[in-house]
K.L.:
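First the structure, then my questions, so here it is.
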There are 2 protein chains.
Amino acid sequence: MPKQVDPHERRTLLADALLRVAATRGLMDVSLRHVAAEAGVTAGMVQHYFRTKDEMMVFALDVVSARVQARLEADPTTHDGPGALVRALLVQLLPVDDDRVLEGRVAIAFHAYAASRPAVATRLREDTRGMRAMIAEQIRSEGHGALDPEQAATGLLSLVEGLAVHVLGGHVTADHAVSTLDAHLAMAFGHVSVLGRPDDPRHSRAEHR
Amino acid sequence: MPKQVDPHERRTLLADALLRVAATRGLMDVSLRHVAAEAGVTAGMVQHYFRTKDEMMVFALDVVSARVQARLEADPTTHDGPGALVRALLVQLLPVDDDRVLEGRVAIAFHAYAASRPAVATRLREDTRGMRAMIAEQIRSEGHGALDPEQAATGLLSLVEGLAVHVLGGHVTADHAVSTLDAHLAMAFGHVSVLGRPDDPRHSRAEHR
DNA sequence: AGAATGACGATACAAGTGCAATGTGACAAG
DNA sequence: CTTGTCACATTGCACTTGTATCGTCATTCT
């Protein structure tokens with residue numbers, strides 16, 4: 001038997017290349033050959049690890065959701081109470097730095113892709129479902145009870161997704177988005193249970209970049 | 001000189017076909033030939049009215065934004081005060097019926113497209129800018145002043161965009177989205193200045209379809 | 001040492017893409 | 001009735017796409 005390689009590692013390498021292409025040139029430019037070129041390998045190898053293009057797409061989607069979850073678990077502010085946990089999660093989804101901008105572009109691209117690919121849509125739905133359940137639970141535990149946890153969770157999640165779209169489109173600043181999120185968090189949880197905003201108490205009015 | 005036709009009418013016809021294709025099969029399947037087939041014309045005619053594919057895309061985007069604005073102006077509840085006006089605008093953006101579902105799919109597809117097409121991104125930005133300005137103005141006039149109008153406008157717009165994405169993805173019901181929007185509107189404007197919710201006072205808990 | 005097997009690379013192919021060039025026909029002004 | 005001009009149709013081209021097929025080479029077990 002020949003050389004033994006870790007297939008998952010290879011696939012992840014290719015998925016990373018795919019994500020880079022998707023983020024910089026859009027999902028329409030994601031092709032076997034482009035991904036291969038971006039990864040610095042031959043198109044044949046891509047085909048060897050993904051029998052079909054859709055298989056590659058779905059795997060790439062898995063990679064990003066796993067990556068987001070990993071970052072969440074590594075975030076220390078997670079353990080500063082329910083409010084901080086929820087904030088940590090939601091900020092992960094906001095394009096606040098370069099890495100997150102790439103992931104954001106990929107995410108929105110996949111949402112569009114999901115409209116015509118049921119398999120992708122299902123996976124997206126599972127992820128959202130999990131996040132909403134955990135947010136609702138946290139609100140139930142510390143929220144000030146004035147509003148329905150399920151509804152508040154839906155609202156926060158949607159707000160963040162919309163903010164992400166607007167930030168990526170250059171409609172608003174990342175700072176503006178974060179402060180908007182914080183304002184809404186303060187409404188869901190009784191107080192501003194947020195540490196780590198050492199800057200101007202008035203939210204930044206940087207306006208459109 | 002030969003037969004005189006209204007170019008704008010022709011272009012709109014083609015744009016409609018493009019929107020149908022984009023909504024049902026995704027933006028990746030939008031090609032000159034597919035649009036032509038959907039419109040029931042030859043590919044040559046499409047080329048006659050749009051010198052390039054991008055030109056066709058941008059025009060189609062213009063058509064939808066013009067259509068949304070037209071619907072807004074035709075909405076009678078618009079004149080029931082600032083709160084109702086804002087609600088009317090935002091509900092227009094929610095995929096509450098079949099037509100709006102198609103437009104919603106198109107919108108998210110274009111947001112993804114904008115990531116790699118600056119011209120499209122600019123146009124999208126202009127539309128958003130206008131909406132936010134008008135929402136902020138309305139909040140300034142009747143809002144209860146506890147929060148910054150600009151920020152509240154950004155929040156509402158983002159919320160609606162996120163809700164639209166979630167509804168289209170099947171993550172939440174349209175009813176759930178509307179009631180969530182209403183809850184947030186009640187926060188921006190002092191009271192629930194909304195008529196026309198004859199159903200159960202408790203928001204519908206239809207959950208994920 | 002030899003063979004088997006997994007990891008690739010190269011190539012082929014049908015289908016589809018955007019775009020350019022050129023044709024064709026009808027209709028209105030002269 | 002001619003003629004110029006606009007509205008389309010046809011065809012062609014160079015290219016990219018996803019996928020199938022086959023070749024090759026190294027490595028590891030026997």
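Lettering follows sequence order; numbering is per chain, from 1.
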K.L.:
How does each nucleotide of nucleotides 12-24 of chain D score, in 5' to 3' order, for protein heavy atoms under 4.0 Å: base (B), sugar-phosphate only (S), or none (-)?
P.N.:
B----BBBB----
K.L.:
If I take atom CG in residue L27(B) and atom P in nucleotide dT17(C), what distance separates them, rounded to the nearest angstrom?
P.N.:
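Spelled out: CG on L27(B) to P on dT17(C) is 14 Å.
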K.L.:
Residues two or more places apart in sequence or in another chain: which of them pass salt bridge (charged side-chain N to carboxylate O under 4.0 Å, His left out) with R33(A)?
P.N.:
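By the salt bridge (charged side-chain N to carboxylate O under 4.0 Å, His left out) rule, R33(A) matches no residue at all.
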K.L.:
In terms of side-chain geometry, is the basic nitrogen of D80(A) or R87(A) positioned less than 4.0 Å from the acidic oxygen of its partner?
P.N.:
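Between R87(A) and D80(A) there is no salt bridge, as every charged N stays at least 4.0 Å from the carboxylate O atoms.
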K.L.:
Please report, rounded to the nearest Å, how far the P atom of dA7(C) is from the CD atom of E9(A).
P.N.:
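Taking CD of E9(A) and P of dA7(C), I get 13 Å after rounding.
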K.L.:
Apply salt bridge (charged side-chain N to carboxylate O under 4.0 Å, His left out) to D98(B) and list each qualifying residue two or more places apart in sequence or on a separate chain.
P.N.:
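If we apply the salt bridge (charged side-chain N to carboxylate O under 4.0 Å, His left out) test to D98(B), skipping adjacent residues, there are no hits.
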K.L.:
Report the distance from atom CG of L18(B) to atom P of dG18(C), rounded to the nearest whole Å.
P.N.:
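So the CG-P distance, L18(B) to dG18(C), works out to 11 Å.
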K.L.:
How would you list all residue pairs meeting side chain to side chain donor-acceptor pair (under 3.5 Å) that involve residues 54-63 of chain A, not counting sequence neighbours?
P.N.:
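As it turns out, the side chain to side chain donor-acceptor pair (under 3.5 Å) pairs with a partner in residues 54-63 of chain A, which skip direct neighbours, are D54(A)-Y113(A), D54(A)-R117(A), D62(A)-R123(A).
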K.L.:
From CG of L13(A) over to P of dA7(C), roughly how many Å is that when rounded to an integer?
P.N.:
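Those two atoms, CG and P, are 15 Å apart.
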K.L.:
Tell me: CE of M56(B) to C1' of dC19(C), nearest whole Å?
P.N.:
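Taking atom C1' of dC19(C) as the reference, CE of M56(B) is at 12 Å.
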K.L.:
Please determine if a side-chain N or O atom of H48(B) lies less than 4.0 Å away from the OP1 or OP2 oxygen of dA7(D).
P.N.:
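It does, given that an N or O in the side chain of H48(B) lies less than 4.0 Å from OP1 or OP2 of dA7(D).
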K.L.:
Check the distance between dA7(C)'s P and L14(A)'s CG and give it to me in whole angstrom.
P.N.:
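Those two atoms, CG and P, are 13 Å apart.
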K.L.:
Tell me: CE of M45(B) to P of dC19(C), nearest whole Å?
P.N.:
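Computing the M45(B):CE to dC19(C):P distance gives 18 Å.
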K.L.:
For S158(B), which residues count as a side-chain hydrogen bond (donor to acceptor under 3.5 Å, both in side chains) partner, sequence neighbours excluded?
P.N.:
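In terms of side-chain hydrogen bond (donor to acceptor under 3.5 Å, both in side chains), with neighbours along the sequence ignored, S158(B) is linked to no residue.
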K.L.:
Can you run down the ring pair (Phe, Tyr, Trp, His ring centres under 6.0 Å) pairs that involve residues 31-67 of chain B, sequence neighbours left out, and say none if there aren't any?
P.N.:
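Sorted pair list: H8(B)-F59(B), F50(B)-F59(B).
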K.L.:
Taking only the side-chain heavy atoms of V5(A) (C-beta and beyond), determine which of dA7(D), dT10(D), dC8(C) contains the nearest atom.
P.N.:
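Shortest atom-to-atom distance from the side chain points to dC8(C).
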K.L.:
Between dC8(C) and Y49(A), is there an OP1 or OP2 to side-chain N/O distance shorter than 4.0 Å?
P.N.:
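For dC8(C), OP1/OP2 do have a side-chain N/O of Y49(A) under 4.0 Å.
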